[in-house]
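Just so you know, ligand 1 is whichever comes first in the structure, and atom 1 is the first atom listed for that ligand. All values below come from the heavy atoms of this structure, side chains included, with hydrogens, waters and symmetry mates left out.
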Amino acid sequence: MGKTVICPGSFDPVTYGHIDIITRAANMFDRVIVGVFVNMDKKPNFDIEERIGFLRRTVGHLPNVEIVGFDGLLANCAKECGASAVVRGLRAVSDFEYEFQMALTNKKLNPDLETVFLASDAQYTYLSSSIVKNVASFGGDITNFVPECIHDEIFERLNRKGKN
Ligand code: PNS
């Protein structure tokens, strides 16, 4: 039986950094479930259908990648999907504390669930969905942050310059 892993996140919106991690996971494992967290504490800028749509357009061509929305605990979603590991990207030491806490919590909730960290590609260590939102909200250039096929939709939604 092949190895299934889950790449979870808010993906609000997906960035080149996420795409890099998902693509590398797809090269390492047999099946990759991209789990898009529905019920974020903070109201997302893009609703669940939009976030899933951006992922479909950017990683949907990878044959062993599936994109699903999930609500509730990641540990339960992983079990339901048959995933034996969570894959997360680590950008900097500042990511570590939160990621370590999450990995240990998930292991406690589902002892069969491992967490695998992939070192972020050096060119994306600064990049996050928050950076995309912040730069775009001031009308800044986000072409280096998100692929062309989703760029305009993201930029037009977030750019506050010129509105009102
Ligand atoms: O992209 P993000 O926002 O860093 O992703 C965080 C996410 C969605 C992976 C994390 O918040 C999560 O798994 N939430 C589901 C709720 C859960 O399982 N909580 C317990 C572990 S912290």
Think Arg91 forms a cation-pi with Tyr126, using NZ or CZ under 6.0 Å from the six-ring centre and within 45 degrees of its axis? no
Mind running side chain to side chain contact (heavy atoms under 4.5 Å, CB included) on Val132 and Phe145 for me, showing each step along the way? CA-CA 7 Å; Val132 173; Phe145 307 161; 3.7 Å; yes
Sole candidate of Leu55, Val59, Val146 that passes side chain to side chain contact (heavy atoms under 4.5 Å, CB included) when paired with Ile19: Val59
Which residue and atom name correspond to the protein heavy atom nearest atom 18 (O) of ligand 1, and how close is it? Leu74 N, 2.8 Å
Taking only heavy atoms of Gly9 into account, list the atoms of ligand 1 that are under 4.0 Å away from them. 1 (O), 5 (O)
Determine whether the side chain, the backbone, both or neither of Asn106 has a heavy atom under 4.0 Å from any heavy atom of ligand 1. side chain
May I ask you to identify the nearest protein heavy atom to atom 17 (C) of ligand 1, giving residue, atom name and distance to one decimal place in Å? Leu73 CD2, 3.7 Å
Give the single entry among Cys77, Ala75, Gly72 that approaches atom 15 (C) of ligand 1 most closely by any heavy atom. Gly72
Within the 6.0 Å centroid threshold, strictly below: Phe70 and Phe37: yes
Looking only at non-hydrogen atoms, the one of Lys108, Met102, Arg88 nearest atom 4 (O) of ligand 1 is Arg88
Of all the heavy atoms in Gly35, does at least one lie under 4.0 Å from an atom in ligand 1? no
Determine yes or no for a side-chain-to-main-chain donor-acceptor pair under 3.5 angstrom, with Arg88 supplying the side chain and Pro8 the backbone. yes
Arg24 and Asp20: salt bridge (Lys or Arg N to Asp or Glu O under 4.0 Å), yes or no, with the steps? CA-CA 6 Å; Arg24 286 161 60 200; Asp20 174 60; 2.9 Å; yes
Closest heavy-atom approach to atom 14 (N) of ligand 1 among Tyr98, Phe11, Phe37 is made by Phe37
Would you please determine whether Gln101 falls within less than 4.0 Å of ligand 1 on a heavy-atom basis? no
Nearest non-hydrogen protein atom, atom 2 (P) of ligand 1: Ser10 OG, 3.5 Å
So which of Val36, Asn45, Ile48 actually passes side chain to side chain contact (heavy atoms under 4.5 Å, CB included) with Asp12? Asn45
